[in-house]
Amino acid sequence: MMQHAADRPVALVRMPSGLDGQRFFQRHAGKGFPDAIGTVRLTEASGREADYITLPDAAALLGAGQMGTLEVHIHGARNDRLDRPDRLVFDLDPDEGLAFEEVKRAAREMGDLMRRLGLSCAPMVTGGKGVHVVVPLRRVAGWETLRGFAQAVAQGFERRAPDRYTATMSKARREGRVFIDWLRNDTAATAISPYSLRARLMAPVASRSNGRSWIGSIARTGSTWRPRRRGWMQPAPLLEASKGAPGLSERTLDALEDWLEESA
DNA sequence: GTCCCAC
DNA sequence: GTGGGACAACGCCCA
DNA sequence: TGGGCG
């Protein structure tokens, strides 16, 4: 998990009093935090500066757990270049009651497009009903570019198959469709970290809808902890995709233009 | 977990 | 001094 | 401007 979550601003979902207690989302570092947990100064949209939480190493993650942390949500940029995101996320969020098969189909189509645009990517089940398609990026473009790219892709999907996709968050537009949430790609936005638990009963990592338990999720990652059964070990798809990942270049944006024109 | 106020 | 309650986000889109 | 959303 730390290969994904270390050295970037994070937000925590904490339930320090257990399942029956309150639950809160915390992005600013607070007093009484363990020494192992670090802070990183971030300028918010309002212009205000605030100290955000960051986890330098496994000890910090352990410290977070000690404070009742269930979920870790990560920013799209690392501490050493907060203005140059190294990942982009499409959150594929199905309407209530939509078959998981539809989400998988959406993820496949998104993967196809990313490959066509020369980008690499990997799918991730979120532990809820959705799938994140994560696109690791060389840090050549800023947030503005990223956001515009994500929006264009989501709207392109909607235009191509308006009966199956929507790029609009509103409940009404989502009926029977997969909402492609492109809004996770902003300076202050976060997305659930790979391998984070979820603050739900049984603390899943992966949803039941694809039949994979959280133990199975760990096995899938290439973690140093390995289950006995052979054949489960595979390289973490996202880490594989990150190796030599390209950035959002002029060429990528041109390819996107072509795709958009096709569907116009 | 910590701070702060009321008692 | 101590018991107890409050507190621990942000920013977007769209109506 | 406020509500919904994640």
Side-chain angles (χ1 to χ4, degrees), chain A residues 8-18 20-55 60 62-77 82-83 85 87-96 103 124-134 143-144 146-155 157-158 162 165-175 177-194 196-200 204 207:
Chain A
R8 34 175 108 242
V10 300
L12 310 175
V13 172
R14 297 175 55 197
M15 298 186 73
S17 310
D20 297 328
Q22 52 185 342
R23 157 202 179 113
F24 57 89
F25 193 95
Q26 184 167 22
R27 49 199 332 150
H28 300 140
K31 291 181 179 171
F33 269 44
D35 291 338
I37 294 182
T39 61
V40 56
R41 184 83 90 190
L42 209 63
T43 306
E44 296 173 350
S46 63
R48 242 196 44 161
E49 293 206 331
D51 288 326
Y52 277 59
I53 302 163
T54 192
L55 308 174
L62 195 62
Q66 182 62 22
M67 302 189 303
T69 296
L70 272 300
E71 305 190 357
V72 175
H73 296 247
I74 61 178
H75 278 65
L82 290 170
D83 59 329
R87 69 200 307 273
L88 151 65
V89 180
F90 293 101
D91 177 10
L92 308 178
D93 193 10
D95 185 30
E96 195 76 30
V103 186
M124 176 182 83
V125 287
T126 60
K129 285 175 46 187
V131 167
H132 285 187
V133 174
V134 182
W143 287 107
E144 194 100 353
L146 214 74
R147 187 184 158 74
F149 176 83
Q151 179 176 25
V153 167
Q155 290 175 348
F157 264 67
E158 172 171 328
Y165 300 123
T166 176
T168 302
M169 188 169 47
S170 76
K171 219 73 170 175
R173 283 294 307 159
R174 281 160 81 154
E175 197 162 333
R177 299 182 177 84
V178 174
F179 168 45
I180 300 174
D181 185 353
W182 51 275
L183 298 160
R184 311 288 86 232
N185 303 293
D186 209 346
T187 40
T190 59
I192 188 73
S193 171
S196 171
L197 299 180
R198 301 313 299 263
R200 306 169 180 225
S207 87

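The figures here come from the full heavy-atom set of this structure, side chains too, leaving out hydrogens, waters and symmetry mates. What you see is a predicted model; the values in this text were computed from it and never measured. Reminder, nothing fancy here: chain letters follow the sequence lines and each chain counts from 1.
Residue A/A188 has its side chain nearest to C/dG11 when only D/dG6, C/dA8, C/dG11 are considered. With D/dG6, B/dC3, C/dA8 as the candidates, the nucleotide lying closest to the side chain of A/K31 is B/dC3. Nearest to the side-chain atoms of A/E44 among the listed nucleotides C/dG11, C/dA8, D/dG6 stands C/dG11. The side chain of A/M169 sits closest to C/dC13 out of C/dA8, C/dC13, C/dA9. Taking only side-chain atoms of A/R14, from C-beta outward, the nucleotide of D/dG4, C/dA8, C/dA9 with the closest atom is C/dA8.
Look at the C1' atom in both D/dG4 and C/dA9: the space between them is 15 Å, to the nearest Å. Taking atom C1' in both C/dG11 and B/dG1, one finds a spacing of 28 Å when rounded to whole Å.
The interatomic distance linking A/I192 (CD1) with D/dG6 (P) rounds to 14 Å, in whole Å. As a whole-Å value, the separation of A/L12 CG from C/dA9 C1' is 12 Å. Distance, A/E144 CD to C/dG11 P: 16 Å, rounded to whole Å. What separates CD of A/Q155 from P of C/dC14 is a distance of 8 Å, to the nearest Å. Whole-Å rounding puts the A/D93 CG to C/dC12 P distance at 20 Å. To the nearest angstrom, P of B/dT2 lies 13 Å from CZ of A/F24. Between A/D91 atom CG and D/dG4 atom P there is a gap of 20 Å when expressed in whole angstrom units. In this structure, A/R184 places its CZ atom 18 Å from P of C/dA9, rounding to the nearest Å.
Between the side chain of A/R27 and the backbone N or O of A/A188, at least one donor-acceptor pair lies under 3.5 Å. Side-chain atoms of A/R177 come within 3.5 Å of backbone N or O of A/P162 as a donor-acceptor pair. In this structure a side-chain-to-backbone donor-acceptor pair under 3.5 Å is present from A/R23 to A/A199. Side-chain atoms of A/R14 never come within 3.5 Å of backbone atoms of A/G68 as a donor-acceptor pair (strictly under, hydrogens ignored).
The closest side-chain heavy-atom distance from A/I192 to A/E71 is below 4.5 Å.
Look at A/T168 and you'll find a side-chain N or O under 4.0 angstrom from OP1 or OP2 of C/dC14. Residue A/R147 places at least one side-chain N or O closer than 4.0 Å to OP1 or OP2 of C/dC13.
If you check every strand for non-hydrogen atoms under 4.0 Å, A/Q22 touches a base. Nucleic acid contact for A/F179: none, since no nucleic acid atom lies under 4.0 Å from a heavy atom of the residue.
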